[in-house]
Amino acid sequence: MFSQVELVFFTPGTRGGEAAPQSGRSHIIMAPKKVCVIGSGNWGSAIAKIVGANAAKYDGFDTTVSMWVFEEMVNDRKLSEIINTDHENVKYLPGHKLPPNVLAVPDLAEAAKGADILIFVVPHQFILRVCDTIKDVIKKESVGMSLIKGVDEGPDGLKLISDVIREKLGITMTVLMGANIANEVADEKFCETTIGCKDKVNGPILKELMQTTNFRVTVVEEADVVEICGALKNIVAVGAGFCDGLGFGDNTKAAVIRLGLMEMIAFAKFFCTKGSVSPSTFLESCGIADLITTCYGGRNRKIGEAFAKTGKSIEDLEKEMLNGQKLQGPATAAEVNHILKHKNMVEKFPLFNEVYQICFNGHPVTEFIHCLQNHPEHM
């Protein structure tokens with residue numbers, strides 16, 4: 001739960017607006033919440049643009065939004081100094097101005113210290129290191145939101161990244177996933193997203209922090225399903241990229257999307273808490289919408305296509321094409337494969353398995369079409 005203070009005679013509103021008087025009684029409202037964005041890549045910077053604007057607009061949030069920046073030199077200047085001076089992440093989100101109240105902080109612990117809302121937007125391979133760095137400085141009553149696409153492997157099989165963060169930091173966790181290509185979000189092109197939040201108090205607060213006219217937010221309670229969708233769709237997108245690189249058409253890609261969605265739903269039913277999975281969650285932005293946009297426009301599709309065309313390794317293509325960003329699809333395919341092996345279930349997920357085999361075990365990329373041709377009609 002967020003901390004509360006008692007203020008008298010006024011209700012909250014937008015910053016600078018008039019407060020409505022209350023007749024003869026005190027009114028409990030939330031103290032302004034300090035927000036920290038942990039990560040400043042393409043997606044992290046796009047989210048910081050939204051969060052910064054809303055924090056400046058609504059008096060429920062502290063005006064200054066901290067954004068942790070992994071320090072590096074760009075054109076002989078520190079990236080954090082460029083962001084704080086020019087209000088632009090010239091390396092990862094060039095051409096888009098960040099609100100002036102977004103403060104780039106190169107010290108992770110300093111950025112997170114005292115934050116009420118922690119937004120995690122780093123490659124999932126780095127999350128343990130991030131948590132170890134901030135665990136002794138954060139508020140124990142803070143609320144985390146993971147925008148990280150990926151899963152981990154635990155002793156019982158699947159472990160969600162939000163679970164990893166929750167266990168390391170001991171804080172309440174939520175997730176945000178959706179059909180949200182970062183540059184389009186930064187361009188303020190209309191899109192939707194999904195927040196997975198089981199707590200009915202935190203959900204509206206996080207929605208207010210995130211929602212804009214062109215970034216519409218829906219809150220659902222099935223946070224684990226929302227997060228699984230965000231991870232698994234990247235595996236499917238790599239397969240869609242294979243099809244593009246091999247010269248197959250939109251009909252084939254539609255089959256990849258449909259069969260991939262079938263495997264995503266089946267995986268969620270096997271691994272989500274108590275197996276209670278609502279089909280409606282897959283109709284939210286985190287489900288079918290995110291799957292479609294990633295299979296047509298995301299970096300995993302792009303690298304999958306180049307892999308099929310060039311024969312270069314995933315690692316080499318990542319270095320050549322992503323400007324320092326990390327690819328999630330192949331790594332997630334490997335983690336999912338290990339989880340499925342542990343449960344003796346690899347054969348039940350032929351598309352996930354074939355992406356893994358092509359990326360890591362030398363299977364010819366041309367084999368992917370045979371996976372589609374022999375995929376079971378129903379799961």
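Positions are given from 1 along the sequence. Remember, predicted model here, so these are calculated numbers, not experimental data.
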Checklist entry - Do L327 and L317 have side-chain heavy atoms sitting under 4.5 Å apart? => result no

Checklist entry - Are any side-chain N or O atoms of N300 and backbone N or O atoms of A237, one a donor and one an acceptor, separated by less than 3.5 Å? => result no

Checklist outcome for this item: Closest non-hydrogen contact found for V355 with I235 is CG2-O, 3.8 Å

Next on the checklist: If hydrophobic clusters are built from ILVMFWY residues whose side chains come within less than 4.5 Å, do M210 and F120 share one?
Outcome noted: no

Item to check | Contact summary for P32 and D116, nearest pair of heavy atoms | outcome: O-OD2, 4.0 Å

Checklist entry - Is it true that a side-chain atom of N75 and a backbone atom of R77 form a donor plus acceptor pair closer than 3.5 Å? => result no

Next on the checklist: Main chain of V37, side chain of W68: is a donor-acceptor contact present, judged purely on distance under 3.5 Å?
Outcome noted: no

Checklist entry - Given the rule that I, L, V, M, F, W and Y join up when any side-chain heavy atoms are under 4.5 Å apart, are L103 and L93 in one cluster? => result no

Next on the checklist: For the backbone of T218 and the side chain of T193, can you confirm whether one donor and one acceptor N or O come within less than 3.5 Å of each other?
Outcome noted: no

Item to check | From L291 atom CG to M264 atom CE, the distance as rounded to the nearest 0.5 Å | outcome: 5.0 Å

Item to check | Criterion side-chain contact (heavy atoms from CB on, under 4.5 Å) on L79 and Y92, from CA distance to verdict | outcome: CA-CA 10 Å; L79 182 56; Y92 296 111; 4.2 Å; yes

Item to check | N214 side chain vs E188 backbone, donor-acceptor pair below 3.5 Å | outcome: yes

Next on the checklist: Around atom CG of N251, are there more than 12 heavy atoms from other residues, nucleotides or ligands closer than 6.0 Å?
Outcome noted: no

Checklist entry - At their closest point, which heavy atom of A48 faces which heavy atom of V102, and how far apart are they? => result O-CG2, 3.5 Å

Checklist entry - Short question: side chain of S285, backbone of A179 - any donor-acceptor pair under 3.5 Å? => result yes

Next on the checklist: As a quick check of understanding, evaluate side-chain contact (heavy atoms from CB on, under 4.5 Å) for I82 and K91, giving each step before the final call.
Outcome noted: CA-CA 10 Å; I82 295 173; K91 180 167 184 179; over 6 Å; no

Next on the checklist: What I want to check is whether the side chains of D290 and N180 have a donor and an acceptor closer together than 3.5 Å.
Outcome noted: no

Next on the checklist: Taking K78's backbone N and O only, do any of them form a donor-acceptor pair with E71's side chain (distance below 3.5 Å, no angle check)?
Outcome noted: no

Checklist entry - When hydrophobic residues are tied together by side-chain contacts of less than 4.5 Å, even through go-betweens, does L160 share a cluster with V175? => result no

Item to check | NZ/K140: more than 12 non-hydrogen atoms of other groups inside 6.0 Å | outcome: yes

Checklist entry - Can H338 and E335 be said to form a side-chain hydrogen bond (donor to acceptor under 3.5 Å, both in side chains), step by step? => result CA-CA 5 Å; H338 295 155; E335 287 151 353; over 6 Å; no

Item to check | Shortest non-hydrogen contact from V226 toward M177 | outcome: O-CG, 3.5 Å

Item to check | Heavy atoms of other groups near K302 NZ, more than 12 under 6.0 Å | outcome: no

Checklist entry - Between T194 and E284, is a side-chain hydrogen bond (donor to acceptor under 3.5 Å, both in side chains) present by the stated rule, with each step listed? => result CA-CA 7 Å; T194 310; E284 297 292 348; 4.6 Å; no

Next on the checklist: Looking at F70, I want to see if its CZ is surrounded by more than 12 non-hydrogen atoms of other residues, nucleotides or ligands under 6.0 Å.
Outcome noted: no

Next on the checklist: Is the ring pair F242/F307 parallel, tilted or perpendicular, if the boundaries are 30 and 60 degrees?
Outcome noted: tilted

Checklist entry - Do L176 and I161 share a hydrophobic cluster, counting only Ile, Leu, Val, Met, Phe, Trp and Tyr and linking them when any side-chain heavy atoms are less than 4.5 Å apart? => result no

Checklist entry - Within the distance-only criterion (no hydrogens, no angle test), does the side chain of N361 pair as donor or acceptor with the backbone N or O of H363 below 3.5 angstrom? => result no

Next on the checklist: Checking the side chain of K97 only, and the main-chain atoms of K49 only, is there a donor and an acceptor separated by less than 3.5 Å?
Outcome noted: no

Next on the checklist: L340 vs N353, test: side-chain contact (heavy atoms from CB on, under 4.5 Å). Steps then yes/no.
Outcome noted: CA-CA 9 Å; L340 293 174; N353 181 51; over 6 Å; no

Checklist entry - Any donor and acceptor pair, going by atom type alone, linking the side chain of D152 with main-chain N or O of K159 inside 3.5 Å? => result no

Next on the checklist: Before you tell me yes or no, could you show the steps for D132 and R129 under salt bridge (Lys or Arg N to Asp or Glu O under 4.0 Å), namely the whole-Å CA-CA distance, both residues' side-chain angles and the distance that decides it to 0.1 Å?
Outcome noted: CA-CA 5 Å; D132 285 339; R129 191 185 315 167; over 6 Å; no

Checklist entry - Is K113 atom NZ crowded by more than 12 heavy atoms from other residues, nucleotides or ligands, each under 6.0 Å away? => result no

Checklist entry - What's the shortest heavy-atom distance between C243 and V256, and which atoms? => result SG-CG2, 3.6 Å

Checklist entry - Of the non-hydrogen atoms in Q211 and V217, which two are nearest, and what is the gap between them? => result OE1-N, 2.8 Å

Checklist entry - Taking 4.0 angstrom as the limit, do E315 and K319 come out as a salt bridge? => result no

Item to check | Stepwise side-chain contact (heavy atoms from CB on, under 4.5 Å) test for K343 and F270 | outcome: CA-CA 10 Å; K343 298 289 188 180; F270 276 117; over 6 Å; no

Checklist entry - Do V69 and V65 belong together in a cluster built from hydrophobic side chains that touch within less than 4.5 Å? => result yes

Next on the checklist: Between the side chains of R299 and E318, is the shortest nitrogen-to-carboxylate-oxygen separation below 4.0 Å, so that they form an ion pair?
Outcome noted: no

